Amino acid sequence: MCGIVGYKGKDEACDILINALKKLEYRGYDSAGIAIWHNNKIAVGRKKGKVDDLRKVISNGNFKGTMGLAHTRWATHGEPSERNAHPHRVRDVVVVHNGIIENYIELKEKLRNEGHKFASDTDTEVIPHLIISHLDKGKDFIEAVRLTLKELHGSYAVGIMREKEQIMIAARKESPLIVGVGNKEFFIASDAPAVIDRTNRFIFLEDNDMAVFRDDEMFLMNTDGEKVERKIHTVNWTGAMAEKGGYRHFMLKEIFEQPRAISETLLGRFKEEKGQVDFEELALPDLKKVKKIWMVACGTSYHACMIGKHMFEANLRIPVETDIASEFRYRNPILSENDILILVSQSGETADTIAAMKEGKRNGVYTLSICNVLGSTLARDADGVIFTHAGPEIGVASTKAFTTQISVFFMLMLHMAKKLGKMDTDEIRDMIAEIKKIPHKIQTILDHISPLEELARRYMTCKDFLYIGRGIHYPTVMEGALKLKEISYIHAEAYAAGEMKHGPIALIDENLPVVVVSPRDQTYQKTCGNIEEVLARRGRLILFTDDPSHEMADRVDAVFTVPETIYELLPILCVVPLQLIAYYIANLLGTDVDQPRNLAKSVTVE
Ligand code: M6R
């Protein structure tokens with residue numbers, strides 16, 4: 001979590017940093033800070049709250065200079081407060097940090113014995129103290145930083161400056177950090193959208209890399225003191241993609257971007273005449289030998305995995321196990337050489353998902369990541385990667401990432417089905433034709449949203465919601481419930497509809513809205529039975545279906561109909577109105593939709 005940005009160039013750093021920090025706020029937003037270097041002095045400003053609160057602190061004109069660092073925090077060690085906000089300054093050294101220093105207690109103890117005094121409750125503060133300790137022992141600045149980084153256990157992305165020298169140093173280990181290369185200017189940032197309006201050329205730092213910005217140049221080395229070379233990548237995202245573009249919130253914009261995002265996901269993948277979906281770049285293992293496929297992720301991405309499991313098992317007849325990434329390694333999973341481990345992550349930086357990938361690699365299985373962010377850890381370190389091409393997702397609540405991930409699973413399933421001879425050319429062609437219609441069908445939903453706004457008004461005061469669905473719709477309702485709870489703070493629980501009778505039915509009365517997803521597919525009859533059970537207990541039902549003549553339509557509180565499609569793709573269509581209902585309720589309640597309390601977009605701590 002936490003967002004870092006740095007600038008060294010020819011222009012005033014302050015505005016550049018604040019604008020970039022604003023775009024990183026989704027990573028954490030409980031406090032923010034800035035440090036600007038000018039003529040051997042560093043001005044530091046810090047504030048509890050958001051970047052806009054920090055603006056007041058720096059409005060005094062003291063923050064002038066062409067080199068600086070800034071940080072937006074998601075608290076791990078120490079409450080959100082000014083004293084715990086970054087940058088942390090010790091004497092003339094300032095540091096911004098994202099990650100967790102696992103051995104900070106031990107390091108603090110050692111430094112205290114050397115006479116160092118600490119001013120915050122953070123793990124980060126040991127970093128400037130260690131640098132000072134090495135400087136005091138006669139090391140130069142770069143060497144002092146290098147030795148300090150060698151002493152840290154855990155994860156870090158850091159930006160460091162010192163008053164006495166016009167040098168900025170950035171480094172990373174297991175936390176994201178990229179270097180932006182502009183025209184006689186350099187940037188460091190936790191991700192590309194932060195500075196995409198100034199450059200689209202990036203170096204993706206690798207673990208233990210240090211970038212040293214001195215004079216008009218930058219050089220790279222590692223923490224062993226060796227020079228390293230890294231390629232400059234050009235990213236095809238634009239500044240406008242990271243703006244709200246007239247929408248009230250990023251989340252709403254991203255919901256509306258889904259038709260375009262999915263079209264991008266599908267682009268260039270199909271050889272329709274051959275009934276083929278192309279993933280040849282992956283060098284997948286021999287699929288005939290694959291005994292099991294694992295799908296592992298967190299949050300929304302995990303729900304996509306559950307949908308992937310339904311698709312794969314039904315069509316490939318290969319057993320699939322899904323796991324929440326934070327649980328995966330603790331159960332000592334029995335991975336075998338011929339398994340495939342699929343890691344799904346919008347950011348590609350989720351710490352638990354990265355840990356799951358490492359578990360897979362240790363066990364010698366082929367790891368495949370499905371990611372949105374180019375240059376992210378999962379994208380770089382997995383054996384194969386499929387990009388979702390959804391464009392930057394800024395809203396903390398994941399929306400277009402989810403529907404593009406499902407689209408990737410669908411295409412991958414078709415690719416594998418062909419290789420395994422599980423589907424013939426015509427079947428695959430028909431399925432390709434279905435997914436190609438999905439962007440248009442989502443657009444149809446988005447063109448008829450006023451009933452959803454109306455529903456939101458009717459239900460916004462409810463304190464609890466139950467979401468139910470069967471089969472592939474169970475993960476869909478889990479996703480719907482997650483959307484509602486994370487942005488509106490209303491308690492919402494998702495259940496497999498058949499599980500209702502095993503406990504949660506006790507909750508049902510005339511006050512509890514029950515959201516049910518019940519398309520006309522193999523789950524239809526049984527879910528109708530569950531709807532009856534809710535009605536018998538005077539529950540209030542909101543039905544989402546693809547069937548305009550659903551037999552329960554007249555007996556429920558409200559119905560919303562989505563276009564028809566095949567079973568595997570229904571989650572994409574059904575989740576869109578669930579995203580919108582959550583959005584409208586949160587908006588009516590006046591919560592901070594894009595940056596809901598206690599959350600951060602990218603969870604880079606385990
Ligand atoms: O970047 P990732 O897809 O790995 O993130 C995983 C979860 O943190 C994320 O999906 C989270 O659950 C979303 N905020 C939900 O909207």
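Keep in mind that this is a model prediction, so the values were computed, not measured.
Under the 4.5 Å side-chain criterion, counting only non-hydrogen atoms from C-beta, Ser31 is not in contact with Glu82. Residues Lys150 and Asp224 have side chains in contact (heavy-atom distance under 4.5 Å, counting atoms from C-beta outward). Using a 4.5 Å cut-off on side-chain heavy atoms (C-beta onward), Arg83 and Asp121 make contact. Using a 4.5 Å heavy-atom cutoff, the side chains of Arg380 and Glu206 are in contact. The closest side-chain heavy-atom distance from Asp352 to Ile324 is not below 4.5 Å. Under the 4.5 Å side-chain criterion, counting only non-hydrogen atoms from C-beta, Arg27 is in contact with Pro176. Between Asp11 and Arg198, some side-chain heavy-atom pair lies under the 4.5 Å cut-off. Contact annotation: the side chain of Ile142 approaches that of Phe219 to within less than 4.5 Å [non-hydrogen atoms, C-beta and beyond].
Under a cut-off of 6.0 angstrom, the local environment of NZ in Lys137 is crowded, with over 12 non-hydrogen atoms contributed by other residues, nucleotides or ligands. With a 6.0 Å radius and a threshold of 12 heavy atoms from other residues, nucleotides or ligands, Glu217 has its CD atom at or below the threshold. Heavy atoms of other residues, nucleotides or ligands lying less than 6.0 angstrom from CD of Glu143 number more than 12. Under a cut-off of 6.0 angstrom, the local environment of CG in Asp216 is sparse, with at most 12 non-hydrogen atoms contributed by other residues, nucleotides or ligands.
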Check against salt bridge (Lys or Arg N to Asp or Glu O under 4.0 Å), Glu257 and Lys253: CA-CA 6 Å; Glu257 278 175 347; Lys253 175 183 173 235; 3.2 Å; yes
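Donor-acceptor pairing under 3.5 Å is recorded for the side chains of Ser120 and Glu125. Between the side chains of Asp323 and Trp294, not a single donor N or O lies within less than 3.5 Å of an accepting N or O. Side-chain contact, Thr122 with Asn84: no donor N or O sits under 3.5 Å from an acceptor N or O. If you check the side chains of Thr367 and Asp383, you find a donor sitting under 3.5 Å from an acceptor. Side-chain contact of Thr377 with Glu174: a donor-acceptor pair under 3.5 Å is absent, judged by distance alone.
Note that the CD atom of Glu109 and the CG atom of Leu111 stand 9.5 Å from one another [nearest 0.5 Å]. Within the model, atoms OG of Ser155 and NZ of Lys173 stand 7.5 Å from one another, a figure rounded to the nearest 0.5 Å. Here the NZ-OG1 distance, from Lys139 to Thr148, works out to 11.5 Å after rounding to the nearest 0.5 Å. The distance from atom CD of Glu359 to atom CZ of Arg362, rounded to the nearest 0.5 Å, is 4.5 Å. Note: Lys23 NZ to Thr72 OG1 = 14.0 Å, rounded to the nearest 0.5 Å. Taken to the nearest 0.5 Å, the NZ atom of Lys50 stands 12.5 Å off from the CZ atom of Arg55.
Not one N or O on the side chain of Thr591 forms a donor-acceptor pair closer than 3.5 Å with the backbone of Ser488. Panel note: side chain Glu264, backbone Gly391; no donor-acceptor pair is recorded below 3.5 Å. Remark: the backbone N or O of Tyr7 is not paired with any side-chain donor or acceptor of Glu185 at under 3.5 angstrom.
The only member of Val145, Val228, Val158 that meets side chain to side chain contact (heavy atoms under 4.5 Å, CB included) when paired with Met210 is Val145.
Ring geometry for Tyr583 against His249 counts as perpendicular: the plane angle is over 60°, on a 0 to 90° scale with 30° as the lower cut. Classified by interplanar angle (parallel below 30°, tilted 30° to 60°, perpendicular above 60°), the ring pair Phe402/His303 is perpendicular. Using the six-membered ring where Trp is involved, His389 and Phe387 have ring planes that are tilted, between 30° and 60° apart.
Between Lys22 and Asp52 there is a salt bridge, since a side-chain N of the basic residue sits under 4.0 Å from a carboxylate O of the acidic one. Lys483 and Glu479 are joined by a salt bridge, as a carboxylate oxygen and a charged side-chain nitrogen come within less than 4.0 angstrom of each other. A salt bridge is defined here as a Lys NZ or Arg NE, NH1 or NH2 lying under 4.0 Å from an Asp or Glu carboxylate O, and Lys361 with Asp381 fails to meet this definition.
With Tyr489 as the aromatic partner, Arg597 meets the cation-pi criteria of under 6.0 angstrom to the ring centre and within 45 degrees of the ring axis.
Among all heavy-atom pairs drawn from Ala325 and Cys298, the shortest one is CB-SG, 3.7 Å.
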